Amino acid sequence: MDVDPKKPSFQMQTCKIARITDENYRIKTFELSASIKAKPGQFIMIWIPGIGERPMSLGNAAPVKVTIANIGKFSGAMHALKQGDLISFRGPLGKPFNLPKTITQKSKILLVGGGYGVVPLAYLAREAKKRGIESIEIIGARKKEDVVHINKAEGTKVIITTDDGSEGVHGNAIDAVNALFTEGKQFDAVYSCGPEKMMRRLAEICIQKGIYCELSIERYMKCGINICGACAIDGKICCRDGPIFTVKEALRFDEFGKGWRDASGKKCDLH
Ligand SMILES: Cc1cc2nc3c(=O)[nH]c(=O)nc-3n(C[C@H](O)[C@H](O)[C@H](O)COP(=O)(O)OP(=O)(O)OC[C@H]3O[C@@H](n4cnc5c(N)ncnc54)[C@H](O)[C@@H]3O)c2cc1C
(Lines give C-alpha, C1' and ligand atoms only; values in the text may rest on other atoms or scores of the structure.)
Protein backbone atom coordinates (compact mmCIF):
# COMPACT_ATOMS: atom_id res chain seq x y z
CA MET A 1 0.00 0.00 0.00
CA ASP A 2 2.92 2.37 0.60
CA VAL A 3 3.40 4.84 -2.25
CA ASP A 4 6.45 4.88 -4.50
CA PRO A 5 8.64 7.91 -3.65
CA LYS A 6 10.14 7.76 -7.16
CA LYS A 7 6.79 8.46 -8.87
CA PRO A 8 6.54 11.93 -10.47
CA SER A 9 5.00 14.40 -8.04
CA PHE A 10 2.11 15.21 -10.43
CA GLN A 11 0.92 11.58 -10.47
CA MET A 12 -1.92 10.61 -8.12
CA GLN A 13 -0.99 8.01 -5.50
CA THR A 14 -3.29 6.19 -3.09
CA CYS A 15 -2.49 5.05 0.43
CA LYS A 16 -4.14 4.42 3.80
CA ILE A 17 -4.65 6.91 6.59
CA ALA A 18 -2.31 5.47 9.22
CA ARG A 19 -3.23 7.71 12.17
CA ILE A 20 -5.50 10.65 13.00
CA THR A 21 -4.71 13.04 15.87
CA ASP A 22 -7.04 15.73 17.25
CA GLU A 23 -5.03 18.98 17.55
CA ASN A 24 -7.98 21.03 18.83
CA TYR A 25 -11.77 21.22 18.49
CA ARG A 26 -11.58 21.80 14.69
CA ILE A 27 -8.10 20.77 13.56
CA LYS A 28 -6.87 17.21 12.95
CA THR A 29 -3.53 15.81 11.80
CA PHE A 30 -3.61 12.97 9.28
CA GLU A 31 -0.58 10.70 9.03
CA LEU A 32 -0.56 8.73 5.78
CA SER A 33 1.03 5.35 5.12
CA ALA A 34 3.23 7.06 2.56
CA SER A 35 6.64 8.67 2.47
CA ILE A 36 7.81 11.19 -0.11
CA LYS A 37 10.87 13.36 -0.64
CA ALA A 38 9.88 16.93 0.16
CA LYS A 39 10.91 20.05 2.01
CA PRO A 40 9.09 22.34 4.47
CA GLY A 41 6.82 24.84 2.69
CA GLN A 42 5.84 22.42 -0.10
CA PHE A 43 2.28 21.13 -0.37
CA ILE A 44 0.30 18.18 -1.69
CA MET A 45 -3.07 18.09 -3.48
CA ILE A 46 -5.38 15.69 -1.65
CA TRP A 47 -8.29 14.16 -3.57
CA ILE A 48 -11.56 12.84 -2.19
CA PRO A 49 -13.60 11.30 -5.04
CA GLY A 50 -16.89 13.14 -5.59
CA ILE A 51 -15.79 16.08 -3.44
CA GLY A 52 -12.64 17.46 -5.04
CA GLU A 53 -9.00 18.26 -4.54
CA ARG A 54 -7.46 20.77 -2.12
CA PRO A 55 -3.89 21.92 -1.48
CA MET A 56 -2.50 21.10 1.99
CA SER A 57 0.88 22.09 3.40
CA LEU A 58 3.15 19.26 4.44
CA GLY A 59 3.80 18.94 8.15
CA ASN A 60 6.18 16.09 7.45
CA ALA A 61 7.30 14.07 4.42
CA ALA A 62 8.33 10.67 5.76
CA PRO A 63 5.70 9.72 6.71
CA VAL A 64 3.45 12.28 5.01
CA LYS A 65 1.51 14.36 7.55
CA VAL A 66 -1.04 17.11 6.94
CA THR A 67 -3.01 19.10 9.47
CA ILE A 68 -6.48 20.19 8.39
CA ALA A 69 -8.95 22.71 9.83
CA ASN A 70 -12.60 21.72 9.41
CA ILE A 71 -14.11 24.79 7.72
CA GLY A 72 -16.07 23.55 4.71
CA LYS A 73 -17.05 20.83 2.25
CA PHE A 74 -13.67 19.23 1.60
CA SER A 75 -12.15 19.68 5.05
CA GLY A 76 -15.40 18.39 6.61
CA ALA A 77 -15.18 15.27 4.43
CA MET A 78 -11.54 14.80 5.50
CA HIS A 79 -12.56 15.03 9.15
CA ALA A 80 -15.19 12.31 8.58
CA LEU A 81 -12.52 9.85 7.39
CA LYS A 82 -11.21 7.16 9.73
CA GLN A 83 -7.90 5.43 10.33
CA GLY A 84 -7.42 2.78 7.62
CA ASP A 85 -9.52 4.63 5.01
CA LEU A 86 -7.94 5.19 1.59
CA ILE A 87 -6.82 8.64 0.46
CA SER A 88 -5.22 9.88 -2.77
CA PHE A 89 -2.74 12.68 -3.25
CA ARG A 90 -0.27 14.30 -5.68
CA GLY A 91 2.93 15.94 -4.60
CA PRO A 92 5.17 17.37 -3.34
CA LEU A 93 4.33 20.56 -5.23
CA GLY A 94 5.51 24.17 -5.10
CA LYS A 95 8.66 25.81 -3.82
CA PRO A 96 9.91 25.13 -0.29
CA PHE A 97 11.21 27.53 2.35
CA ASN A 98 14.81 28.35 1.68
CA LEU A 99 17.48 28.45 4.39
CA PRO A 100 20.10 30.59 2.58
CA LYS A 101 23.79 29.61 2.87
CA THR A 102 24.32 32.68 5.06
CA ILE A 103 22.18 30.88 7.67
CA THR A 104 24.80 28.86 9.52
CA GLN A 105 25.00 26.76 12.67
CA LYS A 106 25.22 29.89 14.78
CA SER A 107 22.14 31.45 13.19
CA LYS A 108 18.84 32.09 14.88
CA ILE A 109 15.58 32.18 12.93
CA LEU A 110 12.17 33.49 13.89
CA LEU A 111 9.01 31.60 12.86
CA VAL A 112 5.65 33.38 13.02
CA GLY A 113 2.50 31.30 12.51
CA GLY A 114 -1.23 31.35 12.99
CA GLY A 115 -3.84 28.55 12.71
CA TYR A 116 -2.63 25.53 10.71
CA GLY A 117 0.23 27.79 9.50
CA VAL A 118 2.24 26.65 12.52
CA VAL A 119 2.49 23.17 10.95
CA PRO A 120 4.89 23.86 8.03
CA LEU A 121 6.85 26.14 10.39
CA ALA A 122 7.30 23.34 12.95
CA TYR A 123 8.51 21.14 10.06
CA LEU A 124 10.97 23.91 9.09
CA ALA A 125 12.16 24.20 12.72
CA ARG A 126 12.89 20.44 12.79
CA GLU A 127 14.88 20.63 9.51
CA ALA A 128 16.73 23.76 10.72
CA LYS A 129 17.59 21.98 13.99
CA LYS A 130 19.31 19.22 11.94
CA ARG A 131 21.64 21.98 10.64
CA GLY A 132 22.21 23.26 14.17
CA ILE A 133 20.06 26.35 13.59
CA GLU A 134 18.11 27.65 16.57
CA SER A 135 14.45 28.69 16.12
CA ILE A 136 12.03 30.78 18.11
CA GLU A 137 8.41 30.14 17.09
CA ILE A 138 5.55 32.55 17.75
CA ILE A 139 2.14 30.89 17.61
CA GLY A 140 -0.77 33.33 17.36
CA ALA A 141 -4.39 32.38 18.04
CA ARG A 142 -7.69 34.08 18.88
CA LYS A 143 -8.20 32.06 22.06
CA LYS A 144 -6.77 29.12 24.04
CA GLU A 145 -8.98 26.58 22.22
CA ASP A 146 -7.56 27.66 18.82
CA VAL A 147 -3.88 27.13 19.70
CA VAL A 148 -2.25 24.33 17.68
CA HIS A 149 0.48 22.64 19.78
CA ILE A 150 2.19 20.86 16.91
CA ASN A 151 5.28 18.73 17.55
CA LYS A 152 8.04 21.27 17.60
CA ALA A 153 11.76 20.68 17.18
CA GLU A 154 13.42 19.80 20.45
CA GLY A 155 14.82 23.00 21.92
CA THR A 156 12.60 25.37 19.89
CA LYS A 157 11.41 28.17 22.11
CA VAL A 158 7.66 28.69 21.59
CA ILE A 159 5.83 31.93 22.42
CA ILE A 160 2.03 31.62 22.36
CA THR A 161 -0.13 34.71 21.96
CA THR A 162 -3.91 34.86 22.24
CA ASP A 163 -6.09 37.86 21.35
CA ASP A 164 -8.12 37.40 24.57
CA GLY A 165 -5.17 36.48 26.83
CA SER A 166 -6.65 33.03 27.63
CA GLU A 167 -3.25 31.38 26.94
CA GLY A 168 0.29 32.71 26.75
CA VAL A 169 0.88 36.40 26.11
CA HIS A 170 -2.15 38.68 25.75
CA GLY A 171 -2.03 40.19 22.25
CA ASN A 172 -1.32 39.10 18.71
CA ALA A 173 1.68 37.52 16.99
CA ILE A 174 2.92 40.88 15.67
CA ASP A 175 2.90 42.33 19.22
CA ALA A 176 5.16 39.42 20.21
CA VAL A 177 7.47 40.05 17.22
CA ASN A 178 7.76 43.74 18.18
CA ALA A 179 8.41 42.78 21.82
CA LEU A 180 11.32 40.51 20.80
CA PHE A 181 12.89 43.28 18.71
CA THR A 182 12.36 45.81 21.55
CA GLU A 183 14.22 43.40 23.89
CA GLY A 184 17.11 43.55 21.40
CA LYS A 185 16.74 39.99 20.05
CA GLN A 186 18.37 39.49 16.64
CA PHE A 187 17.42 37.04 13.91
CA ASP A 188 19.18 36.05 10.70
CA ALA A 189 15.91 35.23 8.93
CA VAL A 190 12.17 35.23 9.54
CA TYR A 191 9.61 32.73 8.14
CA SER A 192 5.84 32.97 8.33
CA CYS A 193 2.64 31.11 7.45
CA GLY A 194 -0.72 32.34 8.64
CA PRO A 195 -3.33 35.05 8.12
CA GLU A 196 -2.24 37.31 5.26
CA LYS A 197 -2.93 40.57 7.09
CA MET A 198 -0.54 39.42 9.83
CA MET A 199 2.07 38.43 7.22
CA ARG A 200 1.78 41.82 5.52
CA ARG A 201 2.57 43.60 8.81
CA LEU A 202 5.46 41.20 9.42
CA ALA A 203 6.76 41.83 5.89
CA GLU A 204 6.81 45.58 6.52
CA ILE A 205 8.73 45.11 9.80
CA CYS A 206 11.32 42.84 8.13
CA ILE A 207 11.81 45.22 5.19
CA GLN A 208 12.24 48.12 7.60
CA LYS A 209 14.80 46.16 9.67
CA GLY A 210 16.52 44.69 6.60
CA ILE A 211 15.93 41.07 7.72
CA TYR A 212 15.61 38.26 5.15
CA CYS A 213 12.02 36.95 5.30
CA GLU A 214 9.94 34.34 3.48
CA LEU A 215 6.16 33.91 3.61
CA SER A 216 3.76 31.14 2.61
CA ILE A 217 1.01 32.73 0.51
CA GLU A 218 -2.23 30.86 -0.27
CA ARG A 219 -4.29 31.43 -3.38
CA TYR A 220 -7.24 29.49 -4.80
CA MET A 221 -5.54 26.46 -6.39
CA LYS A 222 -7.20 24.02 -8.77
CA CYS A 223 -4.49 22.09 -10.65
CA GLY A 224 -1.47 22.79 -8.41
CA ILE A 225 0.86 22.27 -11.39
CA ASN A 226 0.72 25.53 -13.37
CA ILE A 227 -1.89 24.55 -15.96
CA CYS A 228 -5.06 26.41 -15.01
CA GLY A 229 -3.75 29.79 -13.78
CA ALA A 230 -6.41 29.97 -11.03
CA CYS A 231 -3.78 30.90 -8.44
CA ALA A 232 -2.23 33.75 -10.48
CA ILE A 233 -1.11 36.63 -8.29
CA ASP A 234 0.13 39.78 -10.05
CA GLY A 235 2.07 37.94 -12.75
CA LYS A 236 3.22 34.99 -10.62
CA ILE A 237 1.60 31.55 -10.39
CA CYS A 238 1.30 30.69 -6.72
CA CYS A 239 1.46 26.88 -7.13
CA ARG A 240 4.61 27.06 -9.30
CA ASP A 241 6.44 30.22 -8.14
CA GLY A 242 5.22 29.89 -4.54
CA PRO A 243 3.57 29.26 -2.21
CA ILE A 244 6.80 30.49 -0.56
CA PHE A 245 7.75 34.03 -1.59
CA THR A 246 10.33 36.44 -0.22
CA VAL A 247 8.90 39.60 1.37
CA LYS A 248 10.31 41.64 -1.50
CA GLU A 249 8.28 39.55 -3.98
CA ALA A 250 5.18 39.57 -1.76
CA LEU A 251 5.16 43.34 -1.29
CA ARG A 252 5.20 43.76 -5.09
CA PHE A 253 1.82 41.98 -5.25
CA ASP A 254 -0.94 44.63 -5.18
CA GLU A 255 -3.38 42.21 -3.55
CA PHE A 256 -1.00 40.85 -0.86
CA GLY A 257 -2.69 41.33 2.53
CA LYS A 258 -5.71 42.98 0.89
CA GLY A 259 -7.63 40.62 -1.37
CA TRP A 260 -7.66 37.49 -3.48
CA ARG A 261 -9.66 35.71 -6.22
CA ASP A 262 -12.32 33.08 -5.65
CA ALA A 263 -12.85 29.86 -7.67
CA SER A 264 -14.39 31.87 -10.56
CA GLY A 265 -11.49 34.35 -10.63
CA LYS A 266 -13.59 37.16 -9.09
CA LYS A 267 -11.66 39.59 -6.86
CA CYS A 268 -12.71 39.34 -3.19
CA ASP A 269 -11.68 40.92 0.10
CA LEU A 270 -9.49 38.82 2.37
CA HIS A 271 -11.48 36.95 4.99
C1 LIG B 1 -0.68 26.22 -0.58
C2 LIG B 1 -1.86 25.96 0.33
C3 LIG B 1 -1.67 25.22 1.47
C4 LIG B 1 -2.76 24.97 2.33
N5 LIG B 1 -2.52 24.24 3.45
C6 LIG B 1 -3.54 23.97 4.29
C7 LIG B 1 -3.32 23.19 5.47
O8 LIG B 1 -2.19 22.78 5.76
N9 LIG B 1 -4.39 22.95 6.26
C10 LIG B 1 -5.67 23.41 5.97
O11 LIG B 1 -6.60 23.15 6.73
N12 LIG B 1 -5.91 24.12 4.85
C13 LIG B 1 -4.88 24.40 4.00
N14 LIG B 1 -5.13 25.12 2.86
C15 LIG B 1 -6.52 25.51 2.55
C16 LIG B 1 -7.25 24.30 1.95
O17 LIG B 1 -6.70 23.99 0.69
C18 LIG B 1 -8.76 24.57 1.71
O19 LIG B 1 -8.92 25.84 1.24
C20 LIG B 1 -9.56 24.42 2.98
O21 LIG B 1 -9.43 23.10 3.46
C22 LIG B 1 -11.05 24.76 2.76
O23 LIG B 1 -11.63 23.89 1.86
P24 LIG B 1 -13.16 23.37 2.07
O25 LIG B 1 -13.63 22.73 0.82
O26 LIG B 1 -13.25 22.59 3.32
O27 LIG B 1 -13.95 24.69 2.35
P28 LIG B 1 -14.82 25.59 1.36
O29 LIG B 1 -16.06 25.95 2.08
O30 LIG B 1 -14.91 25.06 -0.01
O31 LIG B 1 -13.90 26.84 1.27
C32 LIG B 1 -13.64 27.68 2.37
C33 LIG B 1 -12.57 28.65 1.90
O34 LIG B 1 -11.35 27.91 1.63
C35 LIG B 1 -10.69 28.49 0.51
N36 LIG B 1 -10.51 27.45 -0.53
C37 LIG B 1 -11.41 26.56 -0.96
N38 LIG B 1 -10.90 25.78 -1.92
C39 LIG B 1 -9.61 26.21 -2.10
C40 LIG B 1 -8.56 25.80 -2.97
N41 LIG B 1 -8.71 24.84 -3.88
N42 LIG B 1 -7.39 26.47 -2.88
C43 LIG B 1 -7.20 27.45 -1.98
N44 LIG B 1 -8.16 27.86 -1.15
C45 LIG B 1 -9.36 27.27 -1.20
C46 LIG B 1 -11.55 29.63 0.05
O47 LIG B 1 -11.11 30.80 0.71
C48 LIG B 1 -12.90 29.34 0.57
O49 LIG B 1 -13.64 30.49 0.77
C50 LIG B 1 -4.06 25.44 2.01
C51 LIG B 1 -4.26 26.20 0.84
C52 LIG B 1 -3.17 26.47 0.02
C53 LIG B 1 -3.37 27.29 -1.22
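As the structure is a computational prediction, the values presented were derived from the model and not from experiment. Whatever order the structure lists ligands and atoms in, that order sets their numbers, starting from 1.
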Any N or O of M221 that comes nearer than 3.5 Å to an N or O of ligand 1?
yes
Please confirm whether K236 makes a cation-pi placement over F245, using NZ or CZ under 6.0 Å from the six-membered ring centre and within 45° of the ring normal.
no
For residues C15 and F89, report the shortest heavy-atom separation together with the two atoms involved.
SG-CE2, 4.0 Å
Can you list the atoms of ligand 1 that are under 4.0 Å from a heavy atom of F74?
24 (P), 25 (O), 26 (O)
Does V66 approach ligand 1 within less than 4.0 angstrom via side chain, backbone, both or neither, non-hydrogen atoms only?
neither
Taking only heavy atoms of I68, which atoms of ligand 1 are found under 4.0 Å from at least one of them?
11 (O)
Which is closest to atom 11 (O) of ligand 1 by heavy-atom distance: G72, A69, G41?
A69
Quick check: W260 and ligand 1, any N/O pair under 3.5 Å apart?
no
Pairing of E204 and R200 as salt bridge, 4.0 angstrom limit:
yes
Under 3.5 Å between any N/O of E53 and any N/O of ligand 1: does that happen in this structure?
no
Which is it for R219 and ligand 1 at heavy atoms under 4.0 Å: side chain, backbone, both or neither?
backbone
Do N70 and Y25 pair up side chain to side chain, a donor and an acceptor below 3.5 Å, judged on atom types alone?
no
Looking at ligand 1, does any of its N/O atoms fall within less than 3.5 Å of an N/O of K222?
no
Output, in order, the C-alpha distance, side-chain angles, deciding distance and verdict of side chain to side chain contact (heavy atoms under 4.5 Å, CB included) for I139 and V158.
CA-CA 7 Å; I139 296 178; V158 174; 3.6 Å; yes
Backbone or side-chain N or O of G76 under 3.5 Å from ligand 1 N or O:
no
Ring centers of F97, Y123 separated by less than 6.0 Å:
no
Can an N or O of I71 be found at a distance shorter than 3.5 Å from an N or O of ligand 1?
no
For S75, take its heavy atoms, then give the atoms of ligand 1 lying under 4.0 Å from any of them.
21 (O), 24 (P), 26 (O)
I217 N/O under 3.5 Å from ligand 1 N/O
no
Can you find a side-chain donor-acceptor pair between T156 and S135 that sits under 3.5 Å?
no
Residue selection (non-hydrogen contact nearest atom 21 (O) of ligand 1) among M78, R54, M56
M56
Pair E218, Y220: side-chain N/O donor-acceptor within cut-off below 3.5 Å
no
Could K95 and E214 be called an ion pair, given the rule that one side-chain N must be under 4.0 Å from one carboxylate O?
no
For ligand 1, note which part of Y116 has a heavy atom under 4.0 Å away: side chain, backbone, both or neither.
side chain
Among V177, I138, L202, I205, side-chain contact (heavy atoms from CB on, under 4.5 Å) partner for V190:
L202
